[in-house]
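Since the structure comes first, as structure tokens, the remarks are kept for the end.
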There are 2 protein chains.
Amino acid sequence: MISQRARYAFKAMVALAKAEPGRGLQIRQLCEQEKLPRKFIEQILLALKAAGYISSRRGRDGGYELLKPADLIHVGPLLRLADGPIAPLSCLSRTAYRKCDDCRSEALCELRIAFDKPYADYLAALENTTLAQLMRASDARGLPAELVSEEVP
Amino acid sequence: MISQRARYAFKAMVALAKAEPGRGLQIRQLCEQEKLPRKFIEQILLALKAAGYISSRRGRDGGYELLKPADLIHVGPLLRLADGPIAPLSCLSRTAYRKCDDCRSEALCELRIAFDKPYADYLAALENTTLAQLMRASDARGLPAELVSEEVP
DNA sequence: GGAAATCATACTGAATCTATAGGGATTACC
DNA sequence: GGTAATCCCTATAGATTCAGTATGATTTCC
């Protein structure tokens, strides 16, 4: 299970991506919209900022804004930022590789063999999907197919 | 990351699968062979027994033995036994489904959409690989290709 | 200066993880 | 039957992580 922190981070990014470009959102709005715990979100936004995903403006009319377009934001790194390594085994992690303490041979380890390909595919999928794709997919499901082309009647 | 408990459970199953059929292994042997903490392994073996994976004999010459052949033992359920649900989101879990507290619509949730197919594929892979497959794969890597057919010269 | 926002760090309570402890029950062998 | 070896069962301890709160500093606009 991914952490609450990761879920919040993701939700915040989606909300920011939906906000009008150039305007951004304030913590207050974000938390009221989505019913999120304010101070916890604050920490998470700080981390997102430190990682270069968003920018902030301080002071009275402050707030947060996406720094990159949503089609350059991938799920994998976002998840990793919130939760740390994604890999099921440290010896399979690309970003936090570590040999298992008791491992004799990685090549022969049955557990490693078991997870090797499934995890590689899983990770590749997460690395390749973008926020923009997900938002489009969500939109498409929200509208009945016949209405999609009638946005401007 | 999967837990230490899951790694131990997996190692124990592999060791039992490698043991001579009809003989089994004792905790002592298992722990000395693989350098595992004895009392922790004891708990794990109890759980494996309760789940029907292994049988035990008590008393002086007691020990544990696989109940099913290794090609009927799949990675997915084993992992689930040790660690609980495998799914990254509770709303994607087949065995422990639970709606997210704040979720308005599962169909439209971007996070759920993100993990839906990657996780389904990952899970299917784990559900379909057996201990026997993994042991064969490990054996095959241990021997140079030219020698594989020369087992009985 | 005052109000409202972000920034930074410390802290807390609960849960989880990784074992360890200490007996009790069962069996094989003498 | 006694003894030693094994499995069975529950409780508990220590460390770590998680989710969130608290407190106050800093910045910005009016």
Side-chain angles (χ1 to χ4, degrees), chain A residues 1-12 16 19 23-32 34-67 79 81-85 88-90 96 100-102, chain B residues 1-12 16 19 23-32 34-51 53-67 79 81-85 88 90 96 100-102:
Chain A
M1 297 271 180
I2 72 176
S3 69
Q4 186 75 310
R5 183 184 171 84
R7 284 202 295 278
Y8 286 157
F10 198 89
K11 286 212 160 193
L16 288 172
R23 303 293 303 279
L25 278 180
Q26 297 185 328
I27 289 184
R28 172 197 298 266
Q29 303 170 289
L30 189 58
C31 292
E32 281 171 2
E34 312 267 353
K35 308 273 184 193
L36 309 178
R38 191 195 161 105
K39 297 296 279 182
F40 194 22
I41 299 301
E42 216 173 302
Q43 288 179 8
I44 293 169
L45 289 173
L46 263 309
L48 288 170
K49 184 189 172 191
Y53 281 106
I54 61 182
S55 65
S56 65
R57 228 179 18 259
R58 291 165 77 149
R60 214 191 108 151
D61 294 334
Y64 297 89
E65 202 176 336
L66 275 198
L67 268 181
L79 180 61
L81 172 64
D83 273 6
L89 300 171
S90 65
C100 298
D101 298 332
D102 51 350
Chain B
M1 298 271 179
I2 73 174
S3 69
Q4 187 75 311
R5 182 183 173 83
R7 285 202 296 278
Y8 286 158
F10 198 89
K11 286 213 161 192
L16 288 171
R23 303 293 303 280
L25 277 180
Q26 297 185 328
I27 289 184
R28 173 198 298 267
Q29 301 171 290
L30 189 57
C31 293
E32 282 172 1
E34 312 268 353
K35 308 273 182 192
L36 310 177
R38 190 195 162 109
K39 298 294 277 186
F40 195 21
I41 299 300
E42 215 172 304
Q43 289 180 8
I44 293 169
L45 289 174
L46 263 309
L48 287 171
K49 184 191 170 188
Y53 282 106
I54 60 181
S55 65
S56 65
R57 226 177 24 255
R58 291 166 76 151
R60 216 192 107 146
D61 293 337
Y64 296 89
E65 201 176 338
L66 275 197
L67 267 182
L79 180 60
L81 173 65
D83 273 5
S90 65
C100 297
D101 298 332
D102 52 347

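Each chain gets a letter, A, B and so on, in the order the sequences are listed, and its residues count up from 1.
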So which protein nitrogen or oxygen atoms get under 3.5 Å of nucleotides 18-24 of chain D's nitrogens or oxygens?
residue : atom : partner  : partner atom : Å
dA19(D) : OP1  : Gln4(A)  : N            : 3.1
dG20(D) : OP2  : Tyr8(A)  : OH           : 3.4
dT21(D) : O4   : Gln43(A) : NE2          : 2.5
dT23(D) : O4   : Lys39(A) : NZ           : 2.6

Sub-3.5 Å pairs of nitrogen or oxygen atoms, protein against nucleotides 28-30 of chain D:
residue : atom : partner  : partner atom : Å
dT28(D) : O2   : Arg60(A) : N            : 3.3

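Proximity of a side-chain donor or acceptor of Arg38(A) to a complementary backbone N or O of Ile27(A) within less than 3.5 Å is not detected. Between the Glu65(B) side chain and the Leu16(B) main chain, no donor and acceptor come within less than 3.5 Å of each other.
Between Leu81(A) and Ala47(A) the shortest heavy-atom distance is CD2-O, 4.2 Å. The minimum heavy-atom distance between Gly52(A) and Leu67(A), with the atom names listed, is O-CD1, 3.6 Å. Annotation for Ala96(B) and Pro85(B): closest pair CB-CG, 3.7 Å, computed over non-hydrogen atoms.
Look at Ser56(B) and you'll find a side-chain N or O under 4.0 angstrom from OP1 or OP2 of dC8(D). Between Lys49(A) and dT6(C), a side-chain N or O to OP1/OP2 separation shorter than 4.0 Å is absent.
Put simply, CG on Leu45(A) and NZ on Lys49(A) are 10.5 Å apart, with the number rounded to the nearest 0.5 Å. Note that CE of Met1(B) and CG of Asp83(B) are 12.5 Å apart. Values are rounded to the nearest 0.5 Å.
Here Leu45(B) lies out of heavy-atom contact (under 4.0 Å) with every strand.
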Check: What do the steps show when you test Phe10(A) against Leu79(A) for side chain to side chain contact (heavy atoms under 4.5 Å, CB included), and what is the final call?
Finding: CA-CA 8 Å; Phe10(A) 198 89; Leu79(A) 180 61; over 6 Å; no

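Atom CD1 in Ile44(A) sits roughly 15 Å away from atom C1' in dT6(C) (whole-Å rounding). Taking atom CZ of Arg28(A) as the reference point, atom C1' of dC7(C) lies 17 Å away to the nearest angstrom. Rounded to whole angstrom, the span from the CG atom of Leu46(A) across to the P atom of dT27(D) amounts to 14 Å. Taking atom CD of residue Gln29(B) and atom P of nucleotide dC7(D), one finds them 9 Å apart after rounding to whole Å. Rounded to an integer number of Å, the gap from CG of Leu25(A) to C1' of dT6(C) is 14 Å. Per the geometry, CD belonging to Gln26(B) stands 12 Å off P belonging to dA28(C), to the nearest Å. Taking atom CD1 on Ile41(B) and atom P on dA19(C), their separation rounds to 9 Å, with Å as the unit.
Results of the side chain to side chain donor-acceptor pair (under 3.5 Å) test with Tyr8(B) over Gln4(B), Arg5(B), Lys11(B) single out Gln4(B) as the only residue that passes.
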